[in-house]
Structure formats: C-alpha cells, structure tokens
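The structure under discussion appears below in the form of structure tokens.
All heavy atoms count here, side chains included; hydrogens, waters and symmetry mates do not.
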Amino acid sequence: MGKFKPVKPKTIGRGAQKCQRCGSRDAVIQKYNLYLCRQCFREIAYTMGFKKYS
Ligand SMILES: [Zn+2]
C-alpha cells in the first residue's frame, strides 16, 4: 500500500486568503463572502452603506 495524502485545500487557515481587491494578505476579512483586507473592506463597506465601520 502506498501512502495516500488527502488533499487539503490551502484556503483554510490564517494568512491563506488574499484580498480580492489589492492582493494583500494582511488581515483579510471573509465577511459577506468577500475576501478583502481591512482597508479595502472599509472602503467597500462604506460604499455599500455600512457606515458603522469608520
Ligand atoms: Zn485590499
């Protein structure tokens, strides 16, 4: 029997996500099915009307 490694997606875990907007991996937020770093999230959230994030 050979060794079989189950394929684990690397999309799970800290630092695996990239910001869809600027490509940064710094503090990527995965809320609302968005993958955005904090800065981009703030800008987009503001645009979308989430004015709480200020
Ligand atoms: Zn970004």
Side-chain angles (χ1 to χ4, degrees):
M1 294 273 285
K3 282 186 182 174
F4 177 72
K5 282 186 184 175
V7 178
K8 288 183 184 176
K10 283 191 174 180
T11 51
I12 299 170
R14 236 186 114 134
Q17 305 297 346
K18 262 189 178 178
C19 173
Q20 286 184 331
R21 197 157 172 255
C22 72
S24 170
R25 282 195 188 175
D26 188 47
V28 173
I29 293 167
Q30 299 174 46
K31 268 188 186 178
Y32 315 114
N33 284 327
L34 297 168
Y35 293 88
L36 298 166
C37 71
R38 249 177 57 182
Q39 272 196 320
C40 291
F41 183 77
R42 254 179 75 176
E43 289 177 35
I44 285 191
Y46 186 83
T47 304
M48 288 169 75
F50 296 102
K51 293 185 181 176
K52 281 180 184 178
Y53 299 90
S54 58

**Request:** Could you tell me which residues satisfy salt bridge (Lys or Arg N to Asp or Glu O under 4.0 Å) with Arg38, sequence neighbours excluded, listed by chain and number?
**Result:** none
**Asked** About how many Å separate CD1 of Ile44 and SG of Cys37, when rounded to the nearest 0.5 Å?
**Response** 9.0 Å
**Asked** Going from CG on Leu36 to CZ on Arg42, what distance comes out if it is rounded to the nearest 0.5 angstrom?
**Response** 13.5 Å
**Request:** Return the set of residues passing side chain to side chain contact (heavy atoms under 4.5 Å, CB included) with Glu43 (not counting sequence neighbours), or none when no residue passes.
**Result:** Arg21
**Request:** For residues Leu34 and Ile29, determine if any side-chain heavy atom of one lies less than 4.5 Å from a side-chain heavy atom of the other.
**Result:** no
**Complete:** Output for pair (Gln17 CD, Arg25 CZ), nearest 0.5 Å, gives 9.5 Å
**Prompt:** How far does CD of Gln20 sit from NZ of Lys18, to the nearest 0.5 angstrom?
**Reply:** 12.0 Å
**Asked** If you take all heavy atoms of Tyr35 and Val28, which pair is closest and at what distance?
**Response** C-CG1, 3.9 Å
**Prompt:** Got a sec, which hydrophobics cluster with Phe4, joining ILVMFWY side chains under 4.5 Å apart, including via others?
**Reply:** none
